[in-house]
Chemist: 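This is the structure I have questions about; it appears just below.
Just so it is clear, the values below take in all heavy atoms, side chains as well, and ignore hydrogens, waters and symmetry mates. Read the numbers this way: they start at 1 and go in the same order the structure lists the ligands and their atoms.
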Amino acid sequence: MTTPTSPRLEQVRRLVGPVPGPRSTELAARRSKAVSSAIASTMPVYAADADGGVILDVDGNTFIDFGTGIAVTSVGASNPRVVAAVQEAVTHFTHTCFMITPYEGYVRVCEELAARTPGDFAKKAALFNSGAEAVENAVKVARVYTKRDAIVVFDHAYHGRTNLTMAMTSKVMPYKQGFGPFAGEVYRVPTSYPFRDPEGMTGAEAARRALMLVDKQVGAGNVAAIVIEPIMGEGGFIVPAEGFLAELAAWCRANGAVFIADEVQAGFARTGAWFASEHDGVVPDVVVVAKGLAGGMPLSGVVGRAEIMDSVHPSGLGGTYGGNPVACAASLAAIEAVEAEGLIVKAQRIEAVVREVLADQVGVGVLGELRGRGAMLALEFVVPGTREPHPDAARAVAQACLAEGVLILTCGTFGNIVRLLPPLVIGEDVLRDGLGVLRGALIAQR
Ligand SMILES: *Cc1c(COP(=O)(O)O)cnc(C)c1O
């Protein structure tokens, strides 16, 4: 058996030929005939293997992975604990449907979620497949519990691509364009975005700005839930000013609304804590989890106060595949990996290394800000000397990194953010090598 700390693939960036190489080019030609052009990919290369901090393509090129398939493979893309747990689970059964013949793995994942999310009150959970599905179910629960309809969301929010979560998502292109009509009773208010808010605006002031609109345009007594990402993900890794989230949570408490933290991207050890809400000392009523939850297997969950989660009538929630047994086994192994491999501390260490390597670039030329927490960090690009978004610079930097063998993603309402989401298991040598490439691309841009 492989030791959990020794990756199977050699942890080194290495381009052995052109990118994309001949086999990727061949696959791209087949893809263009078989796969809808509505599905796009960041990388022009096809994966053959992935492990630790690297991805190997079908032509033998090895890329440093700063994307983790969008914050999913935090424990590595083939963590030995996860692989072993999946292999063991599929030997027994791939599916029974928890709504027909339940199994222990589902119960254990719910126990783990209750134990690890903030708040020492009684909690219960339900499992689903995707982040969007979990967000939808959190909204369903909040509406039944409060007997109210209105859902409050924020500028720059991303909650998914289903009909309800499209309505909750802020950015029209590419997520919503042409896909309406959208679900009703979703209201959007400004978030706290320190880099773009008026100079010196506090979290409490930003919260008052949002809540005043909720009071006047929605009515406090109509709000079923406020749903917010404690760190905005797709919207640009926006860390709200201190006190913003706490004010929203307090308003919910005072007005009988449910405070829902969408921790799909920020949760599960990514930010150097089990959940990003912890950094702000906020205890959500309901937490939505997915992405990093199951080491790459599709699994999501809604966990919250027992009286809220139990307010729905029996059989009111569910789904054929929700809480698949193999995904649950993977999740339990991923939780064990976070503990045994010290990955929360490693996320904090990643932040320290990134800040150290890029320190002298921040505020210089096109790099307006470096922000984020743990291994969820972002670079915001601006036209030099202004705060005007500069998406071309973000794109150019990401492209330059890719050409050198470093996989980097962009994001942001304005498309001007480069985000770093390395696996928490990444070795420091590989991390520093990838950051060196990024640093070189930054210098070339200014
Ligand atoms: C990715 C994401 C979702 C949607 O998750 P899917 O699994 O893609 O449906 C929802 N909320 C946040 C914050 C996300 O980052």
Chemist: Distance under 4.0 Å to a non-hydrogen atom of Lys291: what atoms of ligand 1 satisfy this?
Modeler: 1 (C), 2 (C), 3 (C), 14 (C), 15 (O)
Chemist: If you draw the axis of the six-membered ring of Tyr145, does the NZ or CZ of Lys147 fall within 45° of it and under 6.0 Å from the ring centre?
Modeler: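 Relative to the ring axis of Tyr145, which defines the angle, Lys147 lies outside at least one limit.
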Chemist: Please identify each residue that fulfils side-chain hydrogen bond (donor to acceptor under 3.5 Å, both in side chains) with Asp57, with sequence neighbours left out.
Modeler: Asn61
Chemist: At less than 4.0 angstrom from any non-hydrogen atom of Ala132, what atoms of ligand 1 do you find?
Modeler: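 Counting atoms of ligand 1 from 1, those under 4.0 Å from Ala132 are 4 (C), 5 (O), 6 (P), 9 (O).
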Chemist: Could you check whether any side-chain N or O of Ser331 sits under 3.5 Å from a backbone N or O of Leu293, counting only pairs where one atom can act as donor and the other as acceptor?
Modeler: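 Yes, Ser331 side chain to Leu293 backbone: donor-acceptor pair under 3.5 Å.
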Chemist: Any N or O on Glu234 sitting closer than 3.5 Å to an N or O of ligand 1?
Modeler: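 Checking ligand 1 against Glu234, no N or O pair falls under 3.5 Å apart.
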Chemist: Has Lys171 got a side-chain atom pairing as donor or acceptor with Gly412's backbone, closer than 3.5 angstrom?
Modeler: yes
Chemist: Judged by non-hydrogen atoms, does Arg161 sit under 4.0 Å from ligand 1?
Modeler: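 Contact absent.
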Chemist: Taking distance alone, with no angle check, do Val135 and ligand 1 share an N/O pair under 3.5 Å?
Modeler: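 No, there is no polar N/O contact under 3.5 Å.
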Chemist: Count the heavy atoms belonging to other residues, nucleotides or ligands that lie under 6.0 Å from CZ of Arg108, then report whether that count exceeds 12.
Modeler: no
Chemist: Identify the closest protein heavy atom to atom 10 (C) of ligand 1: which residue and atom is it, and at what distance?
Modeler: His159 O, 3.3 Å
Chemist: Under 4.0 Å from a heavy atom of Ser130: which atoms of ligand 1 are those, numbered in the order shown and with their elements?
Modeler: 7 (O), 9 (O)
Chemist: Which heavy atom of Ala334 sits nearest a heavy atom of Val75, and at what distance?
Modeler: O-CG1, 3.8 Å
Chemist: Using a 4.0 Å cut-off to any heavy atom of Asp262, which atoms of ligand 1 qualify?
Modeler: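 Once the distances to Asp262 are compared, the set is 10 (C), 11 (N), 12 (C), 13 (C).
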Chemist: Side-chain atoms of residues 82-89: list all donor-acceptor pairs with protein atoms under 3.5 Å, sequence neighbours left out, distances to 0.1 Å.
Modeler:
{"from": "Glu88", "atom 1": "OE2", "to": "His92", "atom 2": "NE2", "distance (Å)": "2.9"}

Chemist: With heavy-atom distances below 4.0 Å as the criterion, list the atoms of ligand 1 near Gly131.
Modeler: 4 (C), 5 (O), 6 (P), 7 (O), 9 (O)
Chemist: Please report whether atom 6 (P) of ligand 1 has a protein non-hydrogen atom at a separation of less than 4.0 Å.
Modeler: yes
Chemist: Can you find an N/O atom of Glu133 closer than 3.5 Å to an N/O atom of ligand 1?
Modeler: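 Not met; the criterion fails.
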Chemist: Distance under 6.0 Å and angle within 45° of the ring axis: does Lys176 meet both against Phe182?
Modeler: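 Ring-cation test returns yes.
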Chemist: Tell me which one of Val288, Leu299, Val264, Val289 gets a heavy atom nearest to atom 3 (C) of ligand 1.
Modeler: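 Closest candidate by heavy-atom distance is Val264.
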Chemist: Using the six-membered ring of Phe195, assess whether NZ or CZ of Arg387 lies under 6.0 Å from its centre and within 45 degrees of the ring axis.
Modeler: yes
Chemist: Looking only at N/O atoms, are Glu229 and ligand 1 under 3.5 Å apart anywhere?
Modeler: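 Looking only at distances, the answer is no, because the N/O contact criterion of under 3.5 Å is not met.
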